[in-house]
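Below is one structure, written out as structure tokens; the observations come after it.
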Amino acid sequence: MNDRQLLRYSRHILLDEIGIAGQQRLVDASALIIGAGGLGSPAAIYLASAGVGRITLADGDTVDLTNLQRQILHSEERLGQSKVASGQTALHGINPEVLVEAVPHRVSGESLAALVADADVVLDCSDNFATRHAVNRACVSHRKPLVSGAAIRFAGQFAAFDSRRGDGPCYNCLFPETGEADEPRCAVMGVFAPLTGIIGTMQAAEALKLIAGAGEVTLGRLWLLDGLTLEWRSVRFGRDPRCAVCAPSTLS
């Protein structure tokens, strides 16, 4: 890091759990964020402000007026732009040293696999089970850590997964893929604006800890937030030995 970076990130460097070595890992790292909406906005902002060297935003939507109630990455001046282009502009204003790559379409198949393989950590900030399961499969296949979040109405949740640890569970262990229809979206159910900020920020925190090697990442635990009472609770879960995605018999 140069002198300007040492000054910019000095409050991280002062933390014994991060220090110069941990901040250098952040500067050298690459993060993939699937979804540049309510969850992806705060996640991307904190990864950029913390100095993650390369951030890839993947989202096929454009900025709509209804997004602005909660999607803090965007503004009225950028209505109609692709969310990833809007995100590039916003993140460049926050930290011009960070390289922000824009993928202006919904990723799947080989393109998703390539993006996951090229990242050090993946944040799933999407809004549907099909994408979450596809991202999980790619992360397990390429042994990449994943931080998944969701928010609807006043209910939020997040969990971290790390397939580099041989006995750790994956997203499919927690929410087995059944082929059922996607859950209701914010467009029809509504969502409390600060809730997406809380969950997206928690995703960023876990991702930064994973990269920097700071503290303990809460693997095997689903965190649930009631936005009306602001009460947290957690549910522990383990690896499903019959998981269709991460069971040893599936991976062999």
Side-chain angles (χ1 to χ4, degrees), residues 1-59 72-73 84 86-103 107 114-126 135 138-139 142-149 158-165 168 196-219 221 223:
M1 288 181 287
N2 57 39
D3 289 345
R4 181 178 177 81
Q5 289 174 312
L6 290 171
L7 181 60
R8 183 182 188 108
Y9 307 124
S10 60
R11 299 307 187 268
H12 263 177
I13 293 169
L14 286 170
L15 298 172
D16 291 340
E17 295 83 356
I18 296 180
I20 290 179
Q23 184 60 48
Q24 187 65 60
R25 283 192 285 271
L26 294 175
V27 170
D28 294 339
S30 173
L32 170 63
I33 301 177
I34 306 293
L39 300 175
S41 289
I45 286 171
Y46 272 108
L47 293 190
S49 64
V52 173
R54 179 161 60 98
I55 298 172
T56 301
L57 294 176
D59 195 310
I72 58 175
L73 200 57
V84 292
S86 173
Q88 274 185 316
T89 299
L91 297 181
H92 181 76
I94 291 169
N95 190 348
E97 295 181 345
V98 172
L99 173 63
V100 181
E101 298 182 342
V103 181
V107 291
L115 289 171
V116 168
D118 195 37
D120 294 306
V121 65
V122 179
L123 291 83
D124 182 1
C125 300
S126 64
V135 171
C139 287
H142 293 282
R143 297 176 62 80
K144 300 292 183 175
L146 167 66
V147 186
S148 179
F158 78 94
F161 309 88
D162 194 347
S163 56
R164 297 172 300 181
R165 308 187 185 191
T196 61
I198 295 169
I199 299 300
T201 300
M202 296 300 289
Q203 289 182 260
E206 293 292 71
L208 292 172
K209 287 161 57 184
L210 278 162
I211 295 169
E216 291 293 328
V217 177
T218 55
L219 303 175
R221 182 179 293 184
W223 290 93

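Nothing fancy with the numbering, it's 1 onward along the sequence.
When every heavy atom of Ala31 is checked against every heavy atom of Leu123, the shortest pair comes out as CB-CD1, 4.5 Å. Among all heavy-atom pairs drawn from Gly149 and Ile199, the shortest one is CA-CG2, 4.1 Å. Heavy-atom minimum distance, Cys125 versus Gly40: CB-N, 3.5 Å. Of all heavy-atom pairs spanning Pro42 and Gly200, the tightest one is CG-CA, 3.8 Å.
Atom CE of Met1 sits about 12.5 Å away from atom CZ of Arg8, to the nearest 0.5 Å. The distance from the CD atom of Gln88 to the CG atom of Leu99 is 8.5 Å, given to the nearest 0.5 Å. Annotation: the span from Ile94 atom CD1 to Leu73 atom CG amounts to 7.0 Å, rounded to 0.5 Å. The structure places CG of Leu39 at 9.0 Å from OG of Ser148, a figure rounded to the nearest 0.5 Å. Distance check: Leu115 CG to Ile34 CD1 gives 6.5 Å after rounding to the nearest 0.5 Å. To the nearest 0.5 Å, atoms CD1 (Ile45) and CG (Leu91) are separated by 7.0 Å.
Proximity of a side-chain donor or acceptor of Asp59 to a complementary backbone N or O of Ala36 within less than 3.5 Å is detected. In this structure, the side chain of Thr201 does not engage the main chain of Tyr46 through any donor-acceptor pair within 3.5 Å. Not one N or O on the side chain of Gln23 forms a donor-acceptor pair closer than 3.5 Å with the backbone of Ile18.
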I'd like a table of donor-acceptor pairs (distance under 3.5 Å, sequence neighbours excluded) in which one partner is a side-chain atom from residues 212-219, with atom names and distances.
unit_1: Thr218; atom_1: OG1; unit_2: Glu206; atom_2: OE2; d: 2.8
unit_1: Thr218; atom_1: OG1; unit_2: Trp223; atom_2: NE1; d: 3.2

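Counting only residues at least two apart or on different chains, the side-chain hydrogen bond (donor to acceptor under 3.5 Å, both in side chains) pairs with a member in residues 25-41 are Gln24-Asp28, Ser30-Arg54.
Residues that satisfy the side-chain contact (heavy atoms from CB on, under 4.5 Å) test with Asn2, not counting sequence neighbours, are Arg4, Gln5. By the side-chain contact (heavy atoms from CB on, under 4.5 Å) test, His142 pairs with Ala113, Val116, Ala117, Lys144, sequence neighbours left out. With sequence neighbours left out, the side-chain contact (heavy atoms from CB on, under 4.5 Å) criterion links Ala205 to no other residue. Take Asp162 and apply the salt bridge (Lys or Arg N to Asp or Glu O under 4.0 Å) test, not counting sequence neighbours, and it matches Arg164, Arg165.
Using a 4.5 Å cut-off on side-chain heavy atoms (C-beta onward), Thr89 and His92 make no contact. Contact of the Val98 side chain with the Val52 side chain is not registered, since no non-hydrogen atoms from C-beta on lie closer than 4.5 Å.
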For this session: I would like to know whether Leu47 and Ile33 meet side chain to side chain contact (heavy atoms under 4.5 Å, CB included); could you show each step before the answer?
Result: CA-CA 10 Å; Leu47 293 190; Ile33 301 177; 4.0 Å; yes

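Tested against Val84, the residues Thr56, Leu57, Val100, Val103 include a single side chain to side chain contact (heavy atoms under 4.5 Å, CB included) partner, Leu57.
Surrounding OH of Tyr9 are more than 12 heavy atoms belonging to other residues, nucleotides or ligands, all under 6.0 Å away.
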